[in-house]
**Student:** 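One structure follows; several queries about it will come next.
We're numbering straight along the sequence, starting at 1. Treat the numbers as computed from the prediction; the structure is a model and nothing was measured.
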Amino acid sequence: MEKIIIEGKSRLKGEVTISGAKNAAVAILPATILINGVCTIENIPDISDIKAYCKILETIGVKINKISKNTLEIDTTKINSIEAPLDLTSKFRASYYLAGALLGRCHHAIIGMPGGCKLGARPMDQHIKAFEALGADVEIEKGKIEVEARKLKGTSIYLDIVSVGATINAMLASVLAEGTTTIENAAKEPHIVDLANFLNKMGANIMGAGTDRIRIQGVKALKKEGTYSVVPDQIEAGTFMLAAVATRGDITIKNCITKHLESITAKIIEMGANVEDIGGDTIRVTANSRPTKVNIKTLPYPGFPTDLQPQMGVVMSIAKGTSVINESIWDSRFQYTEELNRMGAKIMAQGKVAIFEGVDKLVGAPVSATDLRAGAALIIAGIVAEGKTEVLNVEHIDRGYENIEEKFKKLGAKITRVKE
Ligand code: EPZ
């Protein structure tokens, strides 16, 4: 077990380069199953969810050659099993994309139920609805989900809820289906667009990704080889933007797509800090004074992302005035507020609403990363706070942030990782 130790009260200054997007990479890796050939994926973040994904892919026969830290050559010519075991799938959420990808390629998949951050109920009814609409039978038994279809036939799928995962699984299952599939009320997140760009580059025919209506004209096969580079991580970029505001710092963030950061930028400006687009996929966030209160409601893209809610919570906890967060995506994403309260924050969370009465300062304490984004938020809190903060359960953070303490250290944080 490892923990992160932070000596606080640093103002972060300097440059940081954003890695490839976790939530795009974890969709593109299983999508390579549909290629039935060899492709090279660049700008893959070096994080534990990707390592876990590679392990699962290898157990079903995929050959993975690590060309460099962030580039993988993936050979999906041979798939010798359609079954992914529970001990591997339960480690993270995106393992359920194997269901869509294997169904698309082999018409059959048996997947152990997925794990991932504990954010409240995470049902799969919309995934199942999409698979069934395409002609598959779905059974859930003994912790496994089995999907099987004699033939996959294009259809119209209306998602009752805007779901990233169900949109991706529906896309994966329909790329090689016969005829045209439309996904209505689809999610519009940057990772959906990135997956569509990858599949289209490999010969798929997907239109409308990034809108709420995605149309997929099934093709017989994809190209047998190709190279693709994963989009930069919107959430990692937002994490450093909010770290600049929280620490009254000056951070230049390279390799980010400013369009993906509009909702965050708007809130940061509302809090009195500056966001400057300096061109070349680079922005600079500067903050010279205590942030002012702001209210947010998390929403599917292009709304304010739930995956930046805890990091924003840190800024609100030290802002002038009282701020409110309305979490509309997850039932249980305020566990981190108890940890912040241990550091002197004044937060009252109930159900899907939290009220942040801004305090002058936070004080370091031992805290626990309750999930991935909560962990990133607690690191920011530790950098802001007076004294020493110890962040436990850092394995959650390693699931989604590449080299996080090195990146913060380069910006001036006094942060180290030690074995417990
Ligand atoms: C993705 O999760 C992300 N994970 C999450 O990021 C992110 O918080 C979430 O989208 C929302 O943006 C990955 O991309 C791997 P959803 P996902 O299906 O796909 C309900 C992070 O920190 N729902 O869009 O699981 C669900 O309960 C992680 O990187 C159903 O009711 O989210 C939730 O309330 C955490 N039935 C809402 O929809 C379904 O069949 C949105 O969930 C599916 C979802």
Side-chain angles (χ1 to χ4, degrees), residues 21 23-24 26-36 93-94 96-109 111 114 122-138 145 147-223 226 228 231 259-260 299-303 305 328-329:
N23 289 343
V26 295
I28 290 171
L29 284 192
T32 62
I33 290 173
L34 298 167
I35 304 300
N36 193 357
R93 196 73 198 160
Y96 60 16
Y97 296 147
L98 283 170
L102 284 169
L103 181 65
R105 162 123 175 225
C106 310
H107 289 187
H108 193 188
I111 311 293
R122 299 187 78 170
M124 283 187 67
D125 55 307
Q126 300 304 305
H127 303 239
I128 293 167
K129 174 176 165 171
F131 294 148
E132 286 178 341
L134 286 159
D137 291 323
V138 182
I145 169 160
V147 282
E148 188 166 17
R150 246 181 343 108
K151 183 161 110 170
L152 292 165
K153 209 163 172 336
T155 184
S156 173
I157 301 163
Y158 187 95
L159 297 178
D160 303 328
I161 288 172
V162 180
S163 159
V164 169
T167 303
I168 288 178
N169 252 334
M171 284 166 75
L172 294 171
S174 56
V175 161
L176 300 176
E178 190 186 296
T180 305
T181 300
T182 49
I183 309 169
E184 306 279 359
N185 200 25
K188 299 185 279 228
E189 269 66 6
H191 25 293
I192 306 277
V193 178
D194 206 39
L195 173 66
N197 287 344
F198 164 68
L199 288 167
N200 282 342
K201 191 164 184 205
M202 299 306 301
N205 186 348
I206 303 172
M207 280 180 296
T211 75
D212 56 12
R213 183 169 195 265
I214 301 178
R215 187 167 160 274
I216 302 144
Q217 176 68 53
V219 294
K220 285 212 157 55
L222 297 180
K223 290 181 194 156
Y228 189 77
V231 75
K259 175 81 191 151
H260 295 166
L299 286 168
Y301 187 83
S328 84
I329 310 289

**Student:** Do Ile192 and Ile214 come close enough that some side-chain heavy atom pair is under 4.5 Å?
**Tutor:** yes
**Student:** Contact between Pro114 and Met124 at the side-chain level, heavy atoms closer than 4.5 Å - yes or no?
**Tutor:** yes
**Student:** With sequence neighbours left out, which residue pairs that include part of residues 174-221 fulfil the ring pair (Phe, Tyr, Trp, His ring centres under 6.0 Å) condition?
**Tutor:** Phe198-Tyr228
**Student:** What pairs of residues pass the salt bridge (Lys or Arg N to Asp or Glu O under 4.0 Å) test when at least one of them lies in residues 191-217, not counting sequence neighbours?
**Tutor:** Glu184-Arg213
**Student:** Indicate yes or no: at least one non-hydrogen side-chain atom of Ile329 is less than 4.5 angstrom from one of Pro300.
**Tutor:** yes
**Student:** Go through the steps for Leu102 and Ile111 under the test side-chain contact (heavy atoms from CB on, under 4.5 Å), then give the verdict.
**Tutor:** CA-CA 10 Å; Leu102 284 169; Ile111 311 293; 4.2 Å; yes
**Student:** With sequence neighbours excluded, give me every salt bridge (Lys or Arg N to Asp or Glu O under 4.0 Å) pair touching residues 171-183.
**Tutor:** Lys151-Glu178
**Student:** Distance check, rounded to the nearest 0.5 Å: Leu34 atom CG versus Met171 atom CE?
**Tutor:** 10.5 Å
**Student:** Can you name the closest pair of heavy atoms from Ala136 and Leu103 and give their distance?
**Tutor:** CB-CD2, 4.0 Å
**Student:** So how far is it from Leu199 CG to Ile216 CD1, rounded to the nearest 0.5 Å?
**Tutor:** 9.0 Å
**Student:** Taking all atoms of both residues into account, what is the closest heavy-atom pair of Ala27 and Tyr97, and its distance?
**Tutor:** CA-CD1, 3.8 Å
**Student:** What are the two closest heavy atoms between Pro30 and Ala101, and how far apart are they?
**Tutor:** O-CB, 3.3 Å
**Student:** Is there side-chain contact between Glu189 and Asn23, with heavy atoms separated by less than 4.5 Å?
**Tutor:** no
**Student:** Say whether, by atom type as modelled, one donor and one acceptor occur between the side chain of Thr167 and the main chain of Ala187 under 3.5 angstrom.
**Tutor:** yes
**Student:** Checking Arg93 side chain against Gly165 main chain: does a donor-acceptor pair fall under 3.5 Å?
**Tutor:** no
**Student:** Considering only residues two or more places apart or on different chains, which pairs with a residue in residues 124-137 satisfy side chain to side chain donor-acceptor pair (under 3.5 Å)?
**Tutor:** Gln126-Asp160, His127-Asn169, Lys129-Asp160
**Student:** Could you please spell out the steps behind the side-chain contact (heavy atoms from CB on, under 4.5 Å) verdict for Ile33 and Leu98?
**Tutor:** CA-CA 9 Å; Ile33 290 173; Leu98 283 170; 3.7 Å; yes
**Student:** Going by the rule side-chain hydrogen bond (donor to acceptor under 3.5 Å, both in side chains), which residues pair with Thr180 if we only count those two or more places apart in sequence or in a different chain?
**Tutor:** Gln217
**Student:** Considering residues at least two apart in sequence or located in another chain, which fulfil the side chain to side chain contact (heavy atoms under 4.5 Å, CB included) criterion with Lys220?
**Tutor:** none
**Student:** Could you pull out the closest heavy-atom pair between Gly104 and Leu152, with the gap in Å?
**Tutor:** CA-CD1, 3.9 Å
**Student:** Could you report the tightest heavy-atom contact between Leu134 and Ser174, atom names first, then the distance?
**Tutor:** CD2-CB, 3.9 Å
**Student:** Measure from the side-chain N and O atoms of His108 to the backbone N and O of Glu148, and report whether any donor-acceptor pair falls under 3.5 Å.
**Tutor:** no
**Student:** Identify the two heavy atoms, one from Leu159 and one from Ala186, that lie closest to each other, and give their separation to 0.1 Å.
**Tutor:** CD1-CA, 4.3 Å
**Student:** Are any non-hydrogen side-chain atoms of Val231 and Asn197 less than 4.5 angstrom apart?
**Tutor:** no
**Student:** Between Leu176 and Leu222, is the side-chain contact (heavy atoms from CB on, under 4.5 Å) condition met? List the steps.
**Tutor:** CA-CA 8 Å; Leu176 300 176; Leu222 297 180; 4.1 Å; yes
**Student:** With the side chain counted from C-beta on, respond yes when Leu172 and Leu195 share a heavy-atom pair under 4.5 Å apart, and no when they do not.
**Tutor:** yes
